[in-house]
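Scroll down for the structure; my scribbles are underneath it.
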Amino acid sequence: MKKGILFCLLLTCIGFVNCNKNQSQKSIENQNLEEKPVSVQCYIALYEKDTIDLKINTLKKGKITGNMDMKLENMPIKVGKISGEFRGDTLFADYSFTQGTNDKVVFKNPMAFLKSGNELILGNGKIETYLGASYFAKGEPIDFENVKYKFKPLDCIKK
C-alpha cells in the first residue's frame, strides 16, 4: 500500500516539474516574440523589374528580426520573416517565407547581407541542404561583388 502511494506521489511530482518546465519555456519564447526593437530600419532593392522590401528590427542583445517581401519578375510573390544576427559587418539570417497564394507551405533559406556604408548587399553563395535544412556551404566564399540586389535605406511606412 505504501509503495503504491509513494509511486503516485512520485508521478505527481514529475508531472508538476514537467508542467513548470513547459511554462517557463513558453514564457521565454513569448518574451522573445514580444521584445521591443532597439532600432528599426527599412530598405528597398530594385533590379530591372524586381523589387525587394526589407524591414530590420534590431533587438537588445543584437538579434535581428524583420520582414521581407520579394516581388521578382515572372515569379510568385514571396512574403516572409527574417531572423539572424550580425557577425562583424555581415548579417546572417534565415528567411522563412510563403510563395504566391500557397500559404500552407513555408520555405526557409539562408541569406547573407554585407553592410557597406548605409547599404546592405545580398550575397550569393553555395547552398547545401542536409536533413531538410539549408545552409551556406562551409569553406565556400559568399560573393558580395557580382550581385543583383543592393538595398538602399528607406523611411519605414506603417501598414
Quiz item: T98 and V105: side chain to side chain contact (heavy atoms under 4.5 Å, CB included), yes or no, with the steps?
Solution: CA-CA 6 Å; T98 58; V105 178; over 6 Å; no

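- Residues S96 and V106 meet the side-chain proximity criterion, which asks for heavy atoms closer than 4.5 Å.
- Annotation: salt bridge (Lys or Arg N to Asp or Glu O under 4.0 Å) contacts involving residues 73-89, sequence neighbours excluded, comprise K49-E73, K63-E85.
- Legend: residues meeting side chain to side chain contact (heavy atoms under 4.5 Å, CB included) with P76, ordered by chain and number and at least two apart, are Q99.
- I44 belongs to a hydrophobic cluster whose remaining members, ordered by chain and number, are L46, L154; membership requires side-chain heavy atoms of ILVMFWY residues under 4.5 Å apart, directly or through intermediates.
- Counted by atom type alone, Y43 and D53 present zero donor-acceptor pairs between their side chains at under 3.5 Å.
- Residues forming a side chain to side chain donor-acceptor pair (under 3.5 Å) with T65 (at least two apart in sequence, or on another chain): N57.
- For K61, the side chain to side chain contact (heavy atoms under 4.5 Å, CB included) test picks out no residue, with sequence neighbours left out.
- Under a hydrophobic clustering in which Ile, Leu, Val, Met, Phe, Trp and Tyr are joined whenever their side-chain heavy atoms come within less than 4.5 Å, directly or via other members, I52 and I82 fall into the same cluster.
- Contacts classified as disulfide (SG to SG under 2.5 Å) and involving residues 43-124 (residues at least two apart or in different chains) are not found.
- Atoms CG and NZ, on L114 and K150 in that order, are 10.0 Å from each other to the nearest 0.5 Å.
- Residue pairs that meet the disulfide (SG to SG under 2.5 Å) test with at least one member in residues 39-142, sequence neighbours left out, are C42-C156.
- For the atom pair K108 NZ and S83 OG, the distance stands at 6.5 Å (nearest 0.5 Å).
- Screening residues 53-99 for ring-ring contact (aromatic ring centres under 6.0 Å, His included) gives Y95-F97, F97-F107 as the qualifying pairs, with residues at least two apart or on separate chains.
- I142 and M68 fall into different hydrophobic clusters, defined by Ile, Leu, Val, Met, Phe, Trp and Tyr side-chain heavy atoms under 4.5 Å apart, directly or through other members.
- The hydrophobic clustering, which links ILVMFWY residues whose side-chain heavy atoms are closer than 4.5 Å, places L59 and I56 apart.
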Side-chain donor-acceptor pairs of residues 121-136 under 3.5 Å, sequence neighbours excluded:
unit_1: N124; atom_1: ND2; unit_2: N146; atom_2: O; d: 3.0
unit_1: E128; atom_1: OE1; unit_2: Y135; atom_2: OH; d: 3.4
unit_1: T129; atom_1: OG1; unit_2: S134; atom_2: OG; d: 3.1

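- A search for side chain to side chain contact (heavy atoms under 4.5 Å, CB included) contacts involving I77 returns K71, V79, not counting sequence neighbours.
- Of the inter-residue distances, the one linking Y149 atom OH with L54 atom CG reads 13.5 Å to the nearest 0.5 angstrom.
- Under a hydrophobic clustering in which Ile, Leu, Val, Met, Phe, Trp and Tyr are joined whenever their side-chain heavy atoms come within less than 4.5 Å, directly or via other members, L72 and L120 fall into the same cluster.
- V40 and F151 are not part of a single hydrophobic cluster, where members link through side-chain heavy atoms under 4.5 Å apart.
- Remark: N118 engages P153 in a side chain to side chain contact (heavy atoms under 4.5 Å, CB included) (not counting sequence neighbours).
- For the salt bridge (Lys or Arg N to Asp or Glu O under 4.0 Å) condition, the pairs that include at least one residue of residues 109-125, sequence neighbours left out, are E119-K152.
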